[in-house]
Protein chains: 2
Amino acid sequence: MPTINEKTKRAYQNTKLRQSSTIEAVIQLCAEQDPATLTTARIANEIGLSQGALFKHFPNKSRLWESVAGWVSGQITREVFSAADQHQQADQALEAMFLAHVGFIARHPGIPRLMLGELQKPGNGPAKNIIRQTLARYRKKVIGLLDLGIQQGLITSDIDTEAAAVLYLGAIQGLVVQAMVSGEINTLEQAAPRIFKLYSASFRGMSDDPEK
Amino acid sequence: MPTINEKTKRAYQNTKLRQSSTIEAVIQLCAEQDPATLTTARIANEIGLSQGALFKHFPNKSRLWESVAGWVSGQITREVFSAADQHQQADQALEAMFLAHVGFIARHPGIPRLMLGELQKPGNGPAKNIIRQTLARYRKKVIGLLDLGIQQGLITSDIDTEAAAVLYLGAIQGLVVQAMVSGEINTLEQAAPRIFKLYSASFRGMSDDPEK
DNA sequence: CAGAATAAAGTAATTAATTACTTTCTTTCC
DNA sequence: GGAAAGAAAGTAATTAATTACTTTATTCTG
């Protein structure tokens, strides 16, 4: 009953399977290579396929990137948002989101390179737009949670929510880029809580510490 | 006495002049194009030179990138550090540094793309190392100022300085990437003080507001 | 067996670098 | 100071390698 390991066993796989293998391979490869230098030959080789055969499953390279961007967008949104939705208190939701995002990146180290690589390109490519929309949705979620936190009295009411959203995303980026530079992806999850604690100090501010 | 406008007047320019023109052109081009797609032909055309002639002034493309990285590193370090050194109080120095950095990027919008593009590449290319060292030096400067601020009683003594340095760089990155995504470089300098104000709230924390 | 999947070979375009040769600038020497 | 000689900077064309994508023929699979 070849249900689970169908991917590795069968020699001839249908397009749907090949597509998902390809996306997985691209994300894997981005962990060790600049996306801009990723060739169709390298991708095909990674999934044990000839270069030409790749084009039976994707009409062109641009569409391939579009698929990858779509997968990343869906996955990151699902994981991060669901982490947030498990908490009633806004500050806890923000922290859960933060840690979920960093954890996701730690499990898929190629993704920052992938996203930055797309945003790098000027103009409005389809893949870039997907990433852009994902960031915009993310931003709105953060602002929404900050507003909720103000209502709940957990966040200073005089906070600049737009700036706080930028700083939130910047905190993640800073963390990730720092890890990318030093080549230590393993330190990511370890450092994440420290960064968030500092970040949250900017909007807790006040003197009231209910838990201590 | 052809001293000033030598660049535009002379048809045959010496290597030193051509090198600086090339660096300038590359940074200019990065503002509107992905560095990874920048060809020697495009660069040569920008400075009014044939493609082949470029190799009279640089032995190869890699060395060209190295020169560009070196220029960026020197310039950013000089401008940002000198801005910081004009203040005695650590918090003011940090703010001046922050604004100087953002201002520098606003004047050279291609630089983030350039630096991110280099950091994108895995391995240890010479150009990447220059960028890496620049960031490391920058990080140390920030940590040094935070320590000074603690001594001066301007910064909470229980602060996690390493995390604060990461968040500092992340704040700039977040700001810049946000602007890159939305395509609005003009909003950069406008938003910068708001971000820094929020950032600094994370280490001022306490209730004492000497100025209000 | 019929259709889908694959490998293998081919194409046209692009790119960094080289080459053969020309033009301009700089130095030398009378 | 001015011509002659040499160094430096320039062009235009070419090369070898690489790339995304196509075509053809073969092999697997329901």
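The chains referred to below are lettered A, B, ... by the order of the sequence lines, with proteins before strands, and numbering in each begins at 1.
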Novice: In chain order, what residues pass the side chain to side chain contact (heavy atoms under 4.5 Å, CB included) check against B/Ala164, with sequence neighbours excluded?
Specialist: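 B/Ala164 satisfies side chain to side chain contact (heavy atoms under 4.5 Å, CB included) with A/Leu198, B/Leu146, B/Ile159, B/Tyr199 once adjacent residues are dropped.
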Novice: DNA chain C: A/Lys16 or B/Gly52, which has the more 5' nearest nucleotide?
Specialist: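 Its nearest nucleotide lies further toward 5', so the answer is A/Lys16.
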Novice: Could you list by number each residue of residues 56-65 of chain A showing a heavy-atom separation from DNA chain C of less than 4.0 Å, or answer none if no residue does?
Specialist: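 By residue number: A/Lys56, A/His57.
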Novice: Table please: side-chain donor-acceptor pairs of residues 119-129 of chain B below 3.5 Å, with sequence neighbours left out.
Specialist:
{"unit_1": "B/Lys121", "atom_1": "NZ", "unit_2": "B/Glu118", "atom_2": "OE2", "d": "3.0"}
{"unit_1": "B/Asn124", "atom_1": "OD1", "unit_2": "B/Arg132", "atom_2": "NH2", "d": "2.8"}
{"unit_1": "B/Lys128", "atom_1": "NZ", "unit_2": "B/Lys121", "atom_2": "O", "d": "2.7"}
{"unit_1": "B/Lys128", "atom_1": "NZ", "unit_2": "B/Gly123", "atom_2": "O", "d": "3.3"}

Novice: Which atoms form the tightest heavy-atom contact between A/Ile143 and A/Thr161, and what is the distance?
Specialist: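 So the minimum-distance heavy-atom pair works out to CG1-O, 4.1 Å.
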Novice: Can you tell me how far C1' of C/dA2 sits from OH of A/Tyr12, to the nearest Å?
Specialist: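 Rounded to the whole Å, the gap is 15 Å.
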Novice: Report the residues that fulfil side chain to side chain donor-acceptor pair (under 3.5 Å) with A/Gln152, sequence neighbours left out, ordered by chain and then residue number.
Specialist: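 Partners of A/Gln152 by the side chain to side chain donor-acceptor pair (under 3.5 Å) criterion come out as none, since no residue qualifies.
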Novice: What nucleic acid atoms does B/Leu49 come within less than 4.0 Å of, heavy atoms only: base, sugar-phosphate, or nothing?
Specialist: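 The answer is sugar-phosphate, as B/Leu49 gets under 4.0 Å only of primed atoms, P, OP1 or OP2.
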Novice: Not counting sequence neighbours, which residues clear side chain to side chain donor-acceptor pair (under 3.5 Å) with A/Thr15? List them please.
Specialist: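 In terms of side chain to side chain donor-acceptor pair (under 3.5 Å), with neighbours along the sequence ignored, A/Thr15 is linked to A/His57.
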Novice: Just jot down the salt bridge (charged side-chain N to carboxylate O under 4.0 Å, His left out) partners of A/Glu46, sequence neighbours excluded, or say none.
Specialist: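 Residues passing salt bridge (charged side-chain N to carboxylate O under 4.0 Å, His left out) with A/Glu46: A/Arg42.
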Novice: What is the distance, to the nearest angstrom, from the CG atom on B/Asn14 to the C1' atom on C/dT27?
Specialist: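 Going from B/Asn14 (CG) to C/dT27 (C1'), I get 16 Å.
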Novice: When you measure from every atom of DNA chain C, which of residues 26-44 of chain B have a heavy atom less than 4.0 Å away?
Specialist: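 Under 4.0 Å from DNA chain C: B/Leu38, B/Thr39, B/Thr40.
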Novice: Applying side chain to side chain donor-acceptor pair (under 3.5 Å), name anything that partners B/Ser73, two or more places apart in sequence or on another chain.
Specialist: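 If we apply the side chain to side chain donor-acceptor pair (under 3.5 Å) test to B/Ser73, skipping adjacent residues, the hits are B/Thr134.
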Novice: Test: side chain to side chain donor-acceptor pair (under 3.5 Å). Region: residues 84-106 of chain B. Which pairs qualify, not counting sequence neighbours?
Specialist: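 Of all non-adjacent pairs touching residues 84-106 of chain B, those that pass side chain to side chain donor-acceptor pair (under 3.5 Å) are B/Asp85-B/Lys141, B/Gln89-B/Gln92, B/Asp91-B/Arg204, B/His101-B/Tyr138.
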Novice: Anything under 4.0 Å to a heavy atom of chain B counts; send over the first and last such nucleotide of DNA chain D, read 5' to 3'.
Specialist: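 So the outermost contacting nucleotides come out as D/dA9 to D/dT11.
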Novice: Hey, can you pull the donor-acceptor pairs under 3.5 Å for the side chains in residues 104-111 of chain A, sequence neighbours left out?
Specialist:
{"unit_1": "A/Arg107", "atom_1": "NH2", "unit_2": "A/Glu79", "atom_2": "OE1", "d": "2.6"}
{"unit_1": "A/Arg107", "atom_1": "NH2", "unit_2": "A/Glu79", "atom_2": "OE2", "d": "3.1"}
{"unit_1": "A/His108", "atom_1": "ND1", "unit_2": "A/Phe104", "atom_2": "O", "d": "3.3"}

Novice: Could you pull out all residues at least two apart from A/Arg194 that satisfy side chain to side chain donor-acceptor pair (under 3.5 Å)?
Specialist: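 Side chain to side chain donor-acceptor pair (under 3.5 Å) list for A/Arg194, sorted by chain: B/Asp160.
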Novice: Could you tell me which non-hydrogen atom of A/Arg113 sits nearest to which non-hydrogen atom of A/Asp34, and how far apart they are?
Specialist: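 Reported closest heavy-atom pair: CD-CA, 4.3 Å.
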Novice: Without decimals, in angstroms, what is the distance between A/Gln51 CD and C/dA7 P?
Specialist: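 About 11 Å, once rounded to whole Å.
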